[in-house]
2 protein chains.
Amino acid sequence: MSSGRGRDAHPAPTLEMVAAAAGVSRATVSRVVNAAPNVSDAIAEAVNEAILKLNYVPNRAARSLVSRRTQVIALVVPETTAKLFSDPFFATVVQGVALYLSDTDFTLNMLIASEMRSDKTRRYLLGGNADGALVVSHHEGDHSYDRLDLSLPIVYGGRPLLESESESYFVDVDNVAGAAEATEHLIATGRRSIATIAGPQDMPPGFDRLRGWRRAMDSAGLPAALVEYGDFTPDSGAEAMRRLLDRGEPIDGLFAANDQMAAGAYSVILERGLRIPHDIAVAGFDNNYFGSTAVPALTTIDQPSLELGRTMAEVLVRRIEGKPVDRVTMMPTSLVVRASTAPRDA
Amino acid sequence: MSSGRGRDAHPAPTLEMVAAAAGVSRATVSRVVNAAPNVSDAIAEAVNEAILKLNYVPNRAARSLVSRRTQVIALVVPETTAKLFSDPFFATVVQGVALYLSDTDFTLNMLIASEMRSDKTRRYLLGGNADGALVVSHHEGDHSYDRLDLSLPIVYGGRPLLESESESYFVDVDNVAGAAEATEHLIATGRRSIATIAGPQDMPPGFDRLRGWRRAMDSAGLPAALVEYGDFTPDSGAEAMRRLLDRGEPIDGLFAANDQMAAGAYSVILERGLRIPHDIAVAGFDNNYFGSTAVPALTTIDQPSLELGRTMAEVLVRRIEGKPVDRVTMMPTSLVVRASTAPRDA
DNA sequence: GTGAAAGCGCTAACAA
DNA sequence: TTGTTAGCGCTTTCAC
């Protein structure tokens, strides 16, 4: 079994061949191809005809070599994310990026960055293989590529852990506002003793969502004391819920920092003979299948992951093209109301 | 707010600079970089030292221009798939591809192919922008890029609808064997009246999984008559289950052609007051969250999606490098036994 | 084993 | 408005 029939079957027409066919110089063809302003219509037409006839496609390598632009955007993905292929959030962000770029002249290059070969990624980026890079830091706040930004523009997904220490460009979801909205919704349905299962405080989403819950509780004049922490896994959510209930204080509402932990909390609530939403109304964050397939379906905060990716790409392209862009872009979240926060007597 | 600080901050060292630093000619540096056999150890060492000191990285554009190789592999994704970001299967395949390529010198280029701009994709591929292409046809059997294979090697995910009409290289999952295994498992747990909810018969997975069910039933001497069709959505699974039960014939086992349809069937089974697995044991196919989060958890057939992607990439790289490869590669599936097929009295 | 020189296909001054 | 010319950084005969 042989293979690779070689691109030599099709001896790829060159600019020179087009020039010959159209009876003009290579420079003129180049001008037409690049839509330069100063070409007479008659000549342009003749050239375009030749291009069509020969089925000419410019050679990117040659173009990049002289123009110093690759028309490539690198998407850096941490290997851990790649292995944890159970993450719909990540996949959606990537698709948003790809979708946006498909309407531009840029091409998307996916790089898997592992700790082991981290310099391979750096070298690739520094080697002039891309005009810019997108780093999907998976909301962990890792902006360790910051230094590279001196050599090529970088845009992160998710804010850095310490904003003050970074000058990086990033696009993020407004976690504080989202968490506040979920909590306000709980309050609006008549709940007063609202607990929260927070995420890790060394991750921006964990930290910000707790802040949002606090803000809403404070604004409503309710005590923000019922807090337990988890690590975003269902199991940790279950354990946090157990600790919460073991405090012996009344709880009629719960905001979990993500849907997975809410799902974990569900099992404990039911196991204790309590009903959702009758005894405890529950809201989550993320809007993924853990919430949508739960029974009762979980009220949650939707993150615009597709838009997040799209926006990251847009910000990067603007930077590359030298157009003005804000260093930080926040994407709005939206509340998805489902059965888990239904009013008690509806 | 400005931007793109230009790669000129770092004036990217060239081969020429390395040559100067090492006191040799550019040709020699090139030989060292490309690990040519005929370079004396002493010189090679000196060159490597210079490379390290200058932090030299070869310019791909220049290299591609002369070598006629791009070291790029294109991944063509249909836009519908990109929009339907709810598909973990697809995301995992892509990650498998990326993971494999990260250990090679190839780089992954994602292309979104829409019907509207389909020639953009073709032109890209024909324009010598990639050394080969991977087409994730999402198991729909669409091998419409077949003609391109004359100009550059292409490997598909999923077999073509009509094998006879295509000479394409592809990697697929053994749907027939998987479906048969699930059905045999049902039989082994003592079920005899086993129905199936099949997928669309114009899609290879739909067609093949029905064949697998039939094969298992025939081998066991059981009648293969209880068949209804769905379109792989949960709703269609629910309706098919309804039709199945409305036939009035006894059913004690069900093989659904995917987990989503199994989930749909679950709701109807429970709604009719039947118990899973006591009255009806259920098995699905895909092993995604529809099955793992269902109650009771669904026995299903696992597809090695990560491996599928990895293998597609491997087959393509072998073709590009002119090494022998089989035109068709089948990946094995595996049975995941869960509560939905537990023996009646266990 | 090493160097000199030509050229891959294109763009961008500069001339005309 | 169009053509001429000189490279971009690399690989690759061909001499030595």
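Because the structure is predicted, anything quoted here is derived from the model rather than measured. Every chain is numbered from 1, with letters handed out A, B, ... down the list of sequences.
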Worksheet entry | Any residue of residues 41-61 of chain B with a heavy atom less than 4.0 Å from an atom of DNA chain D | Y56(B), P58(B), N59(B)

Worksheet item: What is the minimum heavy-atom distance between P304(B) and V173(B), and which atoms define it?
Response: CD-CG2, 3.9 Å

Worksheet entry | Where chain A begins and ends its contact with DNA chain D, read 5' to 3' at 4.0 Å from heavy atoms | dT1(D) to dG9(D)

Discussion item. Within the 4.0 Å heavy-atom criterion, would you say S67(A) contacts the bases, only the backbone, or no part of the nucleic acid?
Written reply: nothing

Discussion item. In this structure, how many angstroms lie between the P atom of dG9(C) and the CZ atom of R69(A), rounded?
Written reply: 23 Å

Discussion item. Heavy atoms only, 4.0 Å cut-off, all strands: where does V33(B) land among base, sugar-phosphate and nothing?
Written reply: nothing

Worksheet, complete the sentence: L99(B) and S102(B) have their tightest heavy-atom pair at O-OG, 2.8 Å

Item to complete: Assign each of V39(A) and R26(A) to its nearest nucleotide of DNA chain D by heavy atoms, then name whichever residue's nucleotide is nearer the 5' end.
Response: V39(A)

Worksheet, complete the sentence: Looking only at dA4(C), dA5(C), dC10(C), the nucleotide nearest the S25(B) side chain is dA4(C)

Worksheet entry | Pairs touching residues 35-59 of chain A that satisfy side chain to side chain donor-acceptor pair (under 3.5 Å), sequence neighbours left out | none

Worksheet entry | salt bridge (charged side-chain N to carboxylate O under 4.0 Å, His left out) involving E307(B) - partner list, sequence neighbours excluded | R310(B)

Practice prompt. Output all residues satisfying side chain to side chain donor-acceptor pair (under 3.5 Å) with T28(B), sequence neighbours left out; order by chain, then residue number.
Written response: S25(B)

Worksheet item: Who are the side chain to side chain donor-acceptor pair (under 3.5 Å) partners of E16(A), not counting sequence neighbours?
Response: none

Worksheet item: Which residues pass the side-chain contact (heavy atoms from CB on, under 4.5 Å) test with V317(B), sequence neighbours left out?
Response: I73(B), Y100(B), L101(B), F106(B), E321(B)

Worksheet item: What integer distance in Å separates E16(A):CD from dT11(C):C1'?
Response: 14 Å

Discussion item. If you assign each of V66(B) and N38(B) to its closest nucleotide in DNA chain C, which residue comes earlier from the 5' end?
Written reply: N38(B)

Worksheet item: At how many degrees, to 10°, do the end axes of the helix from dG1(C)-dC16(D) to dA16(C)-dT1(D) meet when each uses five pairs?
Response: 30°

Worksheet item: Do any side-chain nitrogens or oxygens of S40(B) fall under 4.0 Å of OP1 or OP2 in dT2(C)?
Response: yes

Fill in: Qualifying residues under side-chain contact (heavy atoms from CB on, under 4.5 Å), relative to S166(B), sequence neighbours excluded
H143(B), D146(B), P160(B), S168(B)

Discussion item. Less than 4.0 angstrom between a side-chain N/O of R68(B) and OP1 or OP2 of dG9(C), yes or no?
Written reply: yes

Worksheet item: CG of L65(A) versus P of dA12(C): gap in Å, rounded?
Response: 12 Å

Discussion item. Tell me every residue that passes side-chain contact (heavy atoms from CB on, under 4.5 Å) with L54(A), counting only those two or more places apart in sequence or in another chain.
Written reply: P13(A), M17(A), V18(A), A21(A)

Discussion item. Measure CE/M17(A) against C1'/dG9(C) and give the value in whole Å, please.
Written reply: 12 Å

Discussion item. Holding to side chain to side chain donor-acceptor pair (under 3.5 Å), I want the full list of residues that pass it with N34(A), two or more places apart in sequence or in another chain.
Written reply: S30(A)

Item to complete: Tell me, please, which residues at least two apart from R63(A) pass side chain to side chain donor-acceptor pair (under 3.5 Å).
Response: none

